[in-house]
Amino acid sequence: MTELTLAKAVNSGLRRALADDDRVVLLGEDIGQLGGVFRVTDGLQREFGTDRVMDMPLAESGIIGMAIGLAYRGFRPVCEIQFDGFIYPAFDQIVAQVAKLHYRTRGAVRMPITIRVPFGGGIGAVEHHSESPEAYFAHTAGLRVVTCSTPQDAHTMIRQAIACDDPVLFFEPKRRYWTKGEVDEDADFPFDRARVVLEGTDVTIVAYGPLVATAIDAAIAASDDGISIEVIDLRSLSPLDLDTVEASVRKTGRLVITHEAAQFGGLGAEIAASITDRCFLHLEAAPARVTGFDTPYPSARAEEHFLPDLDRILDAVDRVLGRQNALTGWSAS
Amino acid sequence: MTELTLAKAVNSGLRRALADDDRVVLLGEDIGQLGGVFRVTDGLQREFGTDRVMDMPLAESGIIGMAIGLAYRGFRPVCEIQFDGFIYPAFDQIVAQVAKLHYRTRGAVRMPITIRVPFGGGIGAVEHHSESPEAYFAHTAGLRVVTCSTPQDAHTMIRQAIACDDPVLFFEPKRRYWTKGEVDEDADFPFDRARVVLEGTDVTIVAYGPLVATAIDAAIAASDDGISIEVIDLRSLSPLDLDTVEASVRKTGRLVITHEAAQFGGLGAEIAASITDRCFLHLEAAPARVTGFDTPYPSARAEEHFLPDLDRILDAVDRVLGRQNALTGWSAS
Amino acid sequence: MRTTVSETRIEAELPSPPDELVQLLDPEGRRLTDPLYDPYVADVTDDDLMALYEDLVVVRRIDVEATALQRQGQLGLWPPLLGQEAAQVGSARALRADDFVFSSYRENAVAYCRGVELPQLVEVWRGTAQAGWNPYAVNMATPQIVIGAQTLHAVGYAVGCRHDGVDTATVTYFGDGATTQGDVNEAMVFAASFGAPVVFFCQYNQGAISEPVGLQAQRPIAERAPGFGIPSIRVDGNDVLAVLAATRRALERAHRGDGPTFIEAVTYRMGPHTTSDDPSRYVDPEQKAAWAAKDPIARVEAHLRERGVLTEARAASVAAKADEVAAAFRAGCLALPNPAPLSVFDHVYAEPHAGVARQRSQQAAYLRSIGEEGGE
Amino acid sequence: MRTTVSETRIEAELPSPPDELVQLLDPEGRRLTDPLYDPYVADVTDDDLMALYEDLVVVRRIDVEATALQRQGQLGLWPPLLGQEAAQVGSARALRADDFVFSSYRENAVAYCRGVELPQLVEVWRGTAQAGWNPYAVNMATPQIVIGAQTLHAVGYAVGCRHDGVDTATVTYFGDGATTQGDVNEAMVFAASFGAPVVFFCQYNQGAISEPVGLQAQRPIAERAPGFGIPSIRVDGNDVLAVLAATRRALERAHRGDGPTFIEAVTYRMGPHTTSDDPSRYVDPEQKAAWAAKDPIARVEAHLRERGVLTEARAASVAAKADEVAAAFRAGCLALPNPAPLSVFDHVYAEPHAGVARQRSQQAAYLRSIGEEGGE
Ligand SMILES: Cc1ncc(C[n+]2csc(CCOP(=O)(O)OP(=O)(O)O)c2C)c(N)n1
Ligand SMILES: Cc1ncc(C[n+]2csc(CCOP(=O)(O)OP(=O)(O)O)c2C)c(N)n1
Ligand SMILES: [Mg+2]
Ligand SMILES: [Mg+2]
């Protein structure tokens with residue numbers, strides 16, 4: 001057990017993956033000498049050489065396209081997309097190729113590609129550096145989408161993602177890169193299972209990535225009010241571990257889902273719809289979503305007005321509990 | 001009033017738009033002499049010249065990027081993407097530029113770009129020719145997403161899309177291109193309002209684009225069984241006309257949503273979640289979704305096993321009515 | 001990987017694109033000499049040339065048969081290669097068995113030469129599958145429909161070969177229209193940066209569906225590659241011998257570790273873009289007639305007849321072989337099984353996936369409930 | 001639009017990229033003669049040169065001030081242009097008022113020359129807005145952060161100008177790294193196909209963040225353009241006069257309707273990529289020292305002093321002007337208002353949108369409920 005930041009935990013996971021399997025190669029812009037703009041690949045090129053840790057020319061479609069060719073050849077490429085907002089030039093190669101090749105070839109060709117994406121806001125960045133594009137990929141059959149919220153999960157899950165024979169979008173909550181926590185390199189858990197972070201009986205809060213910490217804060221604040229909240233960290237966004245959420249909601253009868261991505265067509269909709277389908281008779285109130293707004297990500301000095309925070313989550317908790325709140329009268333009428 | 005196929009109705013709408021406003025220009029691959037692979041732009045280059053109807057080099061990002069520059073210059077570009085599966089190379093220009101420019105510039109720059117996309121399956125095509133990518137764009141703030149199901153709507157809505165100062169993704173249900181119907185060039189209706197196609201009292205079916213016809217067939221079949229179904233054609237997918245759906249569900253208490261796109265993270269999830277939020281106490285059952293599966297689009301000879309059809313919709317109708325059906329026991333437990 | 005750029009002009013190793021096309025057999029079947037390219041085909045015997053001739057005839061016959069099958073409703077679509085036989089056969093026959101191909105959708109002759117079994121050639125077009133064969137069985141990826149996407153895959157595969165320490169070359173096929181796509185240009189940058197052992201093989205067939213090549217290129221496309229640091233060759237794509245020579249030269253560079261080469265094979269698509277296309281709307285009849293006179297098969301035939309190699313008897317046996325292949329092809333096509341209803345759920349993921357598993361079970365239950373076959 | 005391609009080699013109108021960089025002022029400030037480019041700066045008086053000198057000094061001063069503001073926490077980020085002043089000022093001062101610019105994120109000197117007001121230069125970097133100015137007010141789009149995306153916008157705008165029958169030119173700025181992106185290559189194809197009056201201005205500053213230019217290009221990038229049918233010029237980007245001349249030449253072609261031109265301005269980024277960057281991890285100190293000796297301001301200063309134009313008094317007044325601008329810049333920056341809470345909902349759409357309107361009202365109600373200011 002060592003204490004590591006989340007960024008260092010990914011780094012140590014990558015190091016283990018490179019050491020354990022010589023088919024693992026890292027591809028990305030500035031990941032070599034610079035160690036990546038967040039230093040997540042720091043030292044890896046020095047340790048494993050330029051053939052294993054390859055700085056890429058500046059083209060995201062090129063990076064993913066090249067990774068596909070390497071995967072055809074039996075490699076396990078791990079691609080870094082420098083920021084969330086720069087994954088879109090690679091969208092075609094991801095959704096039309098990476099996601100479909102195994103299906104297209106009836107299993108003959110495997111695409112064990114991991115695409116690492118620092119994502120989300122909260123770091124005061126300029127445009128295109130605070131996006132939460134996970135729903136696009138979760139809606140794409142053939143991809144797996146995961147994210148982590150702790151150093152332990154970051155370490156274990158990046159290794160699981162690389163070991164997985166399917167393509168995995170690995171979203172790293174960039175504003176939590178400096179969060180510290182104990183990491184046990186030998187820890188293991190099922191790749192696609194959610195984690196019940198806090199147990200509770202009144203309301204279930206489902207969160208992932210950067211907002212897990214916020215959800216925990218909300219739960220602690222609510223407990224002062226005598227409200228017992230169960231917090232679930234999804235970890236896997238596609239597939240979703242609906243069984244775990246269902247079990248929780250059957251107990252609490254109330255569901256709040258939070259993410260930074262826009263609400264409209266976001267993962268919260270899928271979770272709300274699926275859980276409503278599974279737990280219709282157990283729900284005391286309609287599931288509530290606390291999310292980024294249906295606007296582009298705003299400028300840095302406005303992001304605090306955009307991002308879900310503790311107060312907005314608690315407001316939704318009030319709402320599913322049927323208490324008077326800001327939105328009373330707006331819905332659930 | 002003239003009887004036109006849906007393809008011809010788009011054609012006549014484009015012709016009117018070109019004639020009415022000389023800032024309207026058409027851009028696309030093979031849209032000139034060939035008239036487009038579906039002949040939707042047939043004759044327009046001959047009539048309006050190569051400066052108004054421009055064949056584009058073979059690059060979708062280039063087409064949308066060029067349209068952005070034209071829009072900066074005050075034009076109203078109408079881009080044709082040859083098939084749904086070829087929009088992905090333009091994804092970055094659409095979601096990071098077209099969708100954001102008005103917001104980025106605090107309203108200084110308008111992006112009245114229409115992106116026409118023949119979409120959906122059912123025509124026995126090869127890979128990448130039967131995609132339903134609407135949810136990606138509906139999840140993107142700054143874009144409007146619409147689709148049509150009749151020649152009348154096709155004609156009126158393409159003109160509305162072009163006249164709209166916002167960017168509009170205009171999805172054309174390609175398997176209905178040859179559907180005929182009366183078209184009144186002077187007809188008008190609000191651009192973002194759903195249409196109640198059939199009134200009914202027992203179950204609401206929400207559909208759009210290619211599946212509206214299927215939903216109507218299902219409603220007619222159900223009426224033989226004494227079930228009264230209200231069919232809503234959404235027309236606008238973003239924004240959604242939730243008021244119209246809500247009003248219907250408050251009446252019927254039961255909702256079935258159908259689309260060809262994958263279920264996971266599809267628009268059905270948003271509709272189910274939003275309507276559950278708005279009508280929680282009016283719902284008799286959890287909303288049911290009848291959709292394409294969470295798989296890539298299959299080969300032509302398997303598509304009948306993938307696409308929602310009348311029987312699958314009726315099965316869901318049974319389900320929301322609480323009748324014994326195939327999925328009894330699977331959910332709503 | 002080189003990380004500095006000379007700021008003065010460097011001569012690329014191959015003369016950057018020649019003014020004249022490389023040609024070894026002219027349209028009348030005369031053998032031209034070319035000091036640079038002759039050595040690359042010095043070992044080609046009469047029998048070898050007869051074999052190339054047979055390939056050309058057979059792949060054209062397959063193409064005609066496939067078009068007929070489409071007209072009869074047995075295929076959903078077919079992209080004919082009529083006119084491009086020499087570009088495909090000449091290049092494909094230059095390959096070693098371990099070389100790997102990433103092609104576009106029109107390279108049926110390449111697939112034939114790689115040893116793809118006949119019915120597998122049409123599975124995609126019949127709609128019974130999204131890919132007709134296992135790429136590893138013949139070292140050729142299945143047809144790529146997204147224009148240009150495969151060129152990047154080729155670069156990645158080529159870099160992977162180098163990492164593996166093997167001298168395998170990778171060849172990627174694409175059209176003149178494809179060269180507009182960002183991906184193809186990115187592939188050239190990446191190939192040059194990593195010195196990837198890859199051959200870019202562009203079939204410059206004068207258009208992209210209805211769009212004349214002039215919309216994509218103001219200059220011969222082979223002139224683009226040197227600017228990316230990739231030497232290029234412009235070859236008569238209707239001359240099977242010249243294409244063989246040029247491809248061998250490019251492959252030699254790749255096998256030797258000298259990096260990428262770009263080949264532009266100048267040819268013409270004599271048929272429609274696909275069976276859904278209506279070329280009468282855009283084809284220039286004069287241009288088409290001019291190209292008919294440059295037919296890739298006629299010139300080999302003239303050459304072989306002139307030299308007495310192609311006797312009536314041998315011609316008849318080639319024709320018989322073509323008929324035989326066509327018959328087997330047709331029979332194989334008609335025998336392709338339709339996919340089972342639940343097969344749509346197969347191979348979405350390589351590892352177990354709760355979401356797909358659940359949907360599959362639900363659909364199986366549904367199919368059982370309506371008494372549908374194949375619902376397990 | 002031309003729709004046929006000659007199959008033999010055509011000489012592009014401009015000699016395709018010259019072996020030598022265009023240079024009119026050498027690093028020591030000596031005026032070199034160049035029969036081709038001298039006429040383009042024949043009208044440049046001493047006062048004009050002084051004005052250029054002042055621009056260079058001022059934009060460097062702004063740059064230093066911005067870096068200081070970032071260090072003091074007043075800006076979130078700043079991308080310094082240190083070392084690239086001549087490339088930006090020389091090109092921007094060649095523009096007509098109606099010419100339109102699509103730039104990347106580092107072109108603060110271009111924006112300054114276009115007349116962007118001082119605090120507007122930093123709005124994006126302070127985080128009070130996503131765009132600092134109204135593009136139509138200065139005929140320059142606001143900084144583009146997605147590498148290469150703006151080059152296509154420029155081509156579209158240029159084609160639009162031609163449709164409008166005006167002789168306005170469009171200029172797009174991008175880096176050496178950007179030339180790898182598909183979009184930049186597509187922009188070249190589209191520009192060539194439509195003969196768009198556009199100037200591609202590449203600041204070849206030897207790298208993309210930590211990546212040396214050799215990863216993006218094995219040949220001078222100006223060699224790429226001719227293959228696309230676009231003539232190109234390779235200019236000393238640290239020579240303000242040569243950049244002015246080259247840009248004027250390219251603009252002349254555009255204004256005259258002769259189509260696109262590609263300029264590669266060879267320069268060096270003396271500072272970090274942005275204030276977040278740590279160049280000590282990758283910068284080659286020898287390379288940096290060599291470039292320090294080619295400073296773009298020093299050579300103009302030497303030239304002007306040598307010729308007696310730049311007196312101590314004038315130098316002092318330039319310095320005073322720079323300080324004055326810097327002070328106004330700082331004050332303007334600090335005075336920029338923070339966005340109001342509900343402003344996040346503004347301008348998502350140009351026309352009413354039920355979804356956004358509803359969310360906005362809900363959020364206003366929420367803000368009221370928690371007693372937050374700005375909740376209306
Ligand atoms: C990304 C993408 N855009 C559009 C298409 C539709 N399309 C199929 S073939 C084709 C023309 C291709 O021309 P070219 O590359 O010259 O190849 P050819 O058909 O001539 O062999 C087009 C536009 C596609 N398949 N992929
Ligand atoms: C599509 C995209 N990918 C990655 C980035 C991150 N990024 C910002 S600047 C930069 C390097 C750009 O290099 P170059 O084009 O040479 O411009 P320079 O910074 O040298 O002026 C990178 C990789 C980005 N902004 N956009
Ligand atoms: Mg072609
Ligand atoms: Mg650079």
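Letters go in sequence order (proteins before strands), and every chain restarts at 1. Scope of the values below: all heavy atoms of this structure, side chains included, with no hydrogens, waters or symmetry mates. Since this is a predicted model, take the numbers as computed values, not measurements.
Residues of residues 21-36 of chain A lying within less than 4.5 angstrom of chain C, judged on heavy atoms, are A:Arg23, A:Val25 in numerical order. Heavy-atom proximity under 4.5 angstrom to chain A picks out C:Glu123 from residues 115-125 of chain C. Contact residues of residues 68-86 of chain A toward chain C are A:Ile68, A:Gly69, A:Leu70, A:Ala71, A:Tyr72, A:Arg73, A:Phe75 (heavy-atom distance under 4.5 Å). Contacts of residues 137-147 of chain C with chain A at a heavy-atom distance below 4.5 Å involve C:Ala141, C:Thr142, C:Gln144, C:Val146, listed in sequence order.
Only the side chain of C:Glu186 comes within less than 4.5 Å of a heavy atom in chain A; its backbone stays farther off. Looking at C:Tyr136, the atoms closer than 4.5 Å to chain A (heavy atoms on both sides) all sit in the side chain, from C-beta outward. Using a 4.5 Å cut-off between heavy atoms, C:Asn134 contacts chain A through both its backbone and its side chain. Contacts between A:Asp241 and chain C at a heavy-atom distance below 4.5 Å are absent for every atom of the residue. In this structure, the portion of C:Pro352 lying under 4.5 Å from any heavy atom of chain A is its backbone and not its side chain. Only the backbone of A:Leu143 has a heavy atom closer than 4.5 Å to any heavy atom of chain C. Looking at C:Val198, neither its backbone nor its side chain comes within 4.5 Å of chain A, counting heavy atoms on both sides.
Using modelled atom types, one side-chain atom of A:Thr140 and one backbone atom of A:Tyr136 make a donor-acceptor pair closer than 3.5 Å. Under a 3.5 Å cut-off, the side chain of A:Arg52 and the backbone N or O of A:Leu18 do form a donor-acceptor pair. When atom types are taken as modelled, the side chain of C:His347 and the backbone of A:His102 share no donor-acceptor pair closer than 3.5 angstrom. A donor-acceptor pair is defined here as one N or O able to donate and one able to accept, closer than 3.5 Å; such a pair exists between the side chain of A:Ser236 and the backbone of A:Pro239. Without hydrogens or angle criteria, C:Arg253 side chain to C:Asp258 main chain gives a donor-acceptor distance under 3.5 Å.
Ranking C:Ala187, C:Cys161, C:Gly182, C:Ser343 against chain A, the residue ahead of the rest is C:Cys161, based on heavy-atom pairs under 4.5 Å. Comparing C:Ala129, C:Ala149, C:Gly132 by how many heavy-atom pairs each has under 4.5 Å with chain A, the most go to C:Ala149. The most heavy-atom pairs under 4.5 Å with chain A, out of C:Pro135, C:Ala154, C:Gly355, come from C:Pro135. Most heavy-atom pairs under 4.5 Å with chain A: of the set C:Asp183, C:Thr151, C:Val155, C:Val189, this distinction falls to C:Asp183. For the set C:Ala158, C:Ala196, C:Ala131, C:Ala354, the entry with the most heavy-atom pairs within less than 4.5 Å of chain A is C:Ala131. Taking A:Arg110, A:Met111, A:Met56, A:Met66 one by one and counting their heavy-atom pairs under 4.5 Å with chain C, the maximum is reached by A:Met66. Note: C:Asp164 leads C:Thr170, C:Val348, C:Asp164, C:Thr168 in heavy-atom pairs under 4.5 Å with chain A. Between chain C and the options A:Ala108, A:Ala67, A:Ala96, A:Pro89, the largest number of non-hydrogen pairs under 4.5 Å is found for A:Ala108. Taking chain C as the reference chain and counting heavy-atom pairs below 4.5 Å, the highest number among A:Pro112, A:Ser238, A:Cys164, A:Pro167 is found for A:Cys164. Contact tally against chain C (heavy-atom pairs below 4.5 Å) for A:Pro57, A:Gly107, A:Ser61: the top residue is A:Pro57.
In this structure, A:Ala141 and A:Ala99 approach most closely via the heavy-atom pair O-CB, 3.5 Å. Shortest non-hydrogen contact noted between C:Asp99 and C:Ala169 is OD1-N, 2.9 Å. For the pair A:Glu134 and A:Ala261, the tightest heavy-atom approach, listed with the atom from each and the gap, is OE2-CB, 3.6 Å. Residues C:Ala350 and A:Asp165 share a closest heavy-atom pair of CB-CB, 3.9 Å.
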Checklist entry - Going through the distances and angles, do C:Thr172 and C:Val101 end up as a side chain to side chain contact (heavy atoms under 4.5 Å, CB included)? => result CA-CA 6 Å; C:Thr172 179; C:Val101 173; over 6 Å; no
Checklist entry - Step by step, would you call A:Phe137 with A:Phe91 a ring-ring contact (aromatic ring centres under 6.0 Å, His included)? => result CA-CA 9 Å; A:Phe137 302 100; A:Phe91 201 74; 5.5 Å; yes
Next on the checklist: Applying side-chain hydrogen bond (donor to acceptor under 3.5 Å, both in side chains) to A:His282 and A:Glu246, what does each step give before you reach the verdict?
Outcome noted: CA-CA 10 Å; A:His282 296 82; A:Glu246 178 179 349; over 6 Å; no
Item to check | Derivation of the salt bridge (charged side-chain N to carboxylate O under 4.0 Å, His left out) call for A:Asp243 and A:Arg278 | outcome: CA-CA 9 Å; A:Asp243 293 344; A:Arg278 289 175 176 227; 2.8 Å; yes
Next on the checklist: Let's go through C:Ser91 and C:Tyr173 carefully: what are the C-alpha distance in whole Å and the side-chain angles of both, what is the deciding distance for side-chain hydrogen bond (donor to acceptor under 3.5 Å, both in side chains) to 0.1 Å, and is it a yes or a no?
Outcome noted: CA-CA 10 Å; C:Ser91 54; C:Tyr173 288 85; 2.6 Å; yes
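With rounding to the nearest 0.5 Å, the separation of CD1 in A:Ile257 from CD1 in A:Ile271 is 5.0 Å. Between the CG atom in A:Leu255 and the OG1 atom in A:Thr276 there is a gap of 7.5 Å [rounded to 0.5 Å]. In this structure, the separation between CG on C:Asp176 and CD on C:Glu211 is 10.5 Å, given to the nearest 0.5 Å.
Residues A:Asp277 and A:Ser274 have side chains that never bring a donor and an acceptor to within less than 3.5 angstrom of each other. There is no side-chain donor-acceptor pair under 3.5 Å between C:Gln150 and A:Gln97.
The pair A:Arg235-A:Asp233 does not meet the salt-bridge criterion, since no charged nitrogen lies less than 4.0 angstrom from a carboxylate oxygen. The pair A:Asp188-A:Arg159 does not count as a salt bridge, with every side-chain nitrogen at least 4.0 angstrom from each carboxylate oxygen. Salt-bridge formation is not detected for the pair C:Asp167/C:Arg256: no Lys NZ or Arg NE/NH1/NH2 atom is positioned less than 4.0 Å from an Asp or Glu carboxylate oxygen.
Looking at C:Tyr112 and C:Val110, their side chains never come closer than 4.5 Å, going by heavy atoms from C-beta outward.
The number of heavy atoms from other shown groups lying within 6.0 Å of CZ (A:Arg46) does not exceed 12.
Of the candidates C:Phe194, C:Phe102, C:Phe190, C:Tyr157 forms a ring-ring contact (aromatic ring centres under 6.0 Å, His included) with just one, namely C:Phe102.
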